[in-house]
There are 2 protein chains.
Amino acid sequence: MAASTLAEVARLAGVSPATASRVLNGSARTPGPEIAERVKEAARSLGYIPNAQAQGLARSSSGLIGLVVHDIADPYFSTIARGVQSAAREHQKMVLLATTSGTPADEQAAVGAFAARRADSIVIVGSRSTRPQDAKDNQELAAELDRYCSNGGKVGIVGHPVVGASADGYHVVPVPNEELATELARALAAEHTAKFVIIAGPDGLLTSDDRIRGFQRGLLAAGLPEAEVIHTGFDRAGGYQAGLEIAGRIKSSQDPASNQPAACLFAVNDVMAIGAVAALREQGLSIPRDAAIAGFDDIETLRDFRPALTTVSLPLEDIGRLATLGSLGWSETDNAMPVTGVVTLRRSTETVPT
Amino acid sequence: MAASTLAEVARLAGVSPATASRVLNGSARTPGPEIAERVKEAARSLGYIPNAQAQGLARSSSGLIGLVVHDIADPYFSTIARGVQSAAREHQKMVLLATTSGTPADEQAAVGAFAARRADSIVIVGSRSTRPQDAKDNQELAAELDRYCSNGGKVGIVGHPVVGASADGYHVVPVPNEELATELARALAAEHTAKFVIIAGPDGLLTSDDRIRGFQRGLLAAGLPEAEVIHTGFDRAGGYQAGLEIAGRIKSSQDPASNQPAACLFAVNDVMAIGAVAALREQGLSIPRDAAIAGFDDIETLRDFRPALTTVSLPLEDIGRLATLGSLGWSETDNAMPVTGVVTLRRSTETVPT
DNA sequence: GGATTTCTGGCAAGCGTTTTCCCCGGCGGA
DNA sequence: TCCGCCGGGGAAAACGCTTGCCAGAAATCC
């Protein structure tokens, strides 16, 4: 038994498909109540489900929102995805998911697929890259997006605009990474005298770069020298690796007499921070005694981590919502309420008394 | 500028739409190479993107896979989602996401929406409920699914079949929750003499119930009495609450002379376990000294948690893949490799020497 | 060399809706 | 009483693509 069609419903109700369509799917014109009832009854008895593809074709709008993330299993993205999902639901849209590992080429493919599906809008999350090797792909991504926009699509972007994209229809939700990193640095500088080291993502990853820049600026403002920057992977493994390296240095240079932390670390995101902590611990170091460490994002799942991680709380779910609403043309919302975060000092950067 | 259509491409290339369709979208018949080149060139120059909705309508298949989860921000689900996504991608499908908070009514709505979109298959993840208040909704969900299946849809389910669903086309990926919980209990029973307490989800949540049952069986096999079961929310908050209660009891009854843990806790999932640990700690108790605790799932993000959590490792990503492949009719795969987990003993249940 | 296949394009009929007209009956105003 | 309106229902034309079928041409076989 194939799914029943509108035509069948109409026939059963003894009306034309036009009328059936009008009563079953919100139309400006509402047929007479008696007829309407008959149609609804017919639909019910046949178990009629409108074919959204056909509707999409006819209305040329699909009710779909495309979501592009690096990795849906990463808590950063999945939290944002939750926001996207909830905003989409409020607007009776469904979300189409694409994961890309952050590769611009994959992102381009995803945008293409969304365009093919005539998604009403696309939300892109995840740090942009300006690395030279990505330049070409970035350009193609930008072209794909521009094409999508010029065909009437809307795009919501978290963080940085896609490099090179220029058409109308973009809505970016800015995240004050730099400012917040500055604040974090100042807060840490007030308590710590140890050497600062930044555990960062690959050079050219915009989010990472912003946070580095902001942090350095904060140190500067506090009259401290620039921090050393270690570039590594933007994930736990990267943090872990950097942690190992730092642990080695600390152990070889630590002054046993001092009980001040030998280093104050800033990992540009929480997951990296956790990786670094794991490495430091494995090497027998203790946080925050031997080294203080801060992250960024304030991932929910990691809040029970001990020592509690100093970090910058970002309203990830709201960010997802905002990007979605923005992509839907709901731009009033963001003017009302720009994204902001708050520096959250916790145990991992406390200076141990004595 | 509206998106260009196949007809325009055909016109520009000087061929019929039929021919254009054949060269641009994999068809059994491939037109002559010279013509093909002309069409491709035309398509390229127009920036043609096939309209997937129209294709779907014509082919009556959408290339969509519907994924139903309780909460995409929950690491359990997001890890499975990653597997689903990757399997989908390998089969050139896109995934449509729906989150339902586990409410059967919402799940039904999601299935309906997927059916409307003519999703090729649906993957349902998340514990089924047999609670009386859900009975009616469950039945409707089952009806909706049956309808979807009888219209040719395929369904992949993780864990338990939907209560009451009977049509053809279901593929369930069984997760040996009960067996693994039994194993876990035996392993713990070998080391612990303290009172066992199970921190469980609401009564009637199948996954929770299975894990309880398995655990009790394991205790029994080890010659120990049944554990007390505390029913609470299936999430961190639930675990936390139970943790508070247990902490109270422990503190009021603890024998200061003993340095054996006063209780051995089993939380039916990792997130609950983490919540419980947080509560216990807040109450000044230490793990595993005052209480041992184990979880279930082995969530990746929580692996760096200290004390490392004893748990049962589940190949979540594979489970997602399997359910997806199964839903696509790739059933050979699962016969070859049933899902299995492994009891992973870690620090949180170690008995402290002396 | 003629007849029979084998190919290759094109025509046109869907796929299931929406939406623009159009028509017809009833109504109020003059 | 006549006319213009209005409102509700239907016919039919999209929407953009696939595919079964057909016809002509080329290739193959006696």
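All values reported here derive from a predicted model rather than from experimental measurement. So that the names make sense, note that chain A is the first sequence line, chain B the second, and so on, each numbered from 1.
Counting atom types as modelled, B:Arg118 pairs no side-chain N or O with a base atom of C:dG16 as donor and acceptor under 3.5 Å.
Using a 4.0 Å cut-off, some side-chain N or O of B:Thr19 falls inside it from OP1 or OP2 of C:dG10. Between A:Asn25 and C:dT18, a side-chain N or O to OP1/OP2 separation shorter than 4.0 Å is present. The phosphate of D:dG10 (OP1 or OP2) has a side-chain N or O of A:Ser16 nearer than 4.0 angstrom. The phosphate of D:dC15 (OP1 or OP2) has no side-chain N or O of A:Ser60 nearer than 4.0 angstrom.
As a whole-Å value, the separation of B:Glu8 CD from D:dC15 C1' is 13 Å. The separation between B:Glu34 atom CD and C:dG9 atom C1' is 13 Å, rounded to whole Å. Protein atom CG of B:Asn51 is 16 Å distant from nucleotide atom P of C:dT17, rounded to whole Å. Protein atom CD of A:Gln53 is 13 Å distant from nucleotide atom P of D:dC17, rounded to whole Å. Counting to the nearest Å, the C1' atom of C:dT19 and the CG atom of A:Leu57 are 14 Å from each other. If you measure from atom CD1 of A:Ile35 to atom C1' of D:dG7, you get 13 Å, rounded to the nearest angstrom. Between B:Arg38 atom CZ and C:dT8 atom P the separation is 15 Å, expressed in whole Å. The distance from atom CZ of B:Arg59 to atom C1' of C:dG16 is 17 Å, rounded to the nearest whole Å.
Atom CD of B:Gln133 is surrounded by more than 12 heavy atoms from other residues, nucleotides or ligands within 6.0 Å. A 6.0 Å sphere centred on CD of B:Gln139 holds no more than 12 heavy atoms belonging to other residues, nucleotides or ligands. Residue-environment remark: NZ (A:Lys154) stays at or below the threshold of 12 foreign heavy atoms within 6.0 Å.
Nearest to the side-chain atoms of B:Ala18 among the listed nucleotides D:dG16, C:dA12, D:dT18 stands C:dA12. The side chain of B:Tyr48 sits closest to D:dC17 out of C:dG16, D:dC17, C:dT19. Here C:dT17 is the nucleotide among D:dT19, C:dT17, D:dC17 with the atom lying nearest to any side-chain atom of A:Gln55. Distances from the side chain of A:Arg22 to the nucleotides D:dG9, C:dG16, D:dC17 place D:dG9 closest.
Comparing A:Leu6 and B:Ala20 against DNA chain C, the residue whose closest nucleotide sits nearer the 5' end is B:Ala20. Toward the 5' end of DNA chain C, the nearer of the two residues B:Ala58 and B:Gly14, judged by each one's closest nucleotide, is B:Gly14.
With no hydrogens or angles considered, a side-chain donor-acceptor pair links A:Thr19 and A:Ser16 at under 3.5 Å.
Side-chain contact between A:Leu145 and A:Leu141: present, with at least one pair of heavy atoms (C-beta onward) separated by less than 4.5 Å.
Here B:Thr5 lies in heavy-atom contact (under 4.0 Å) with sugar-phosphate atoms only.
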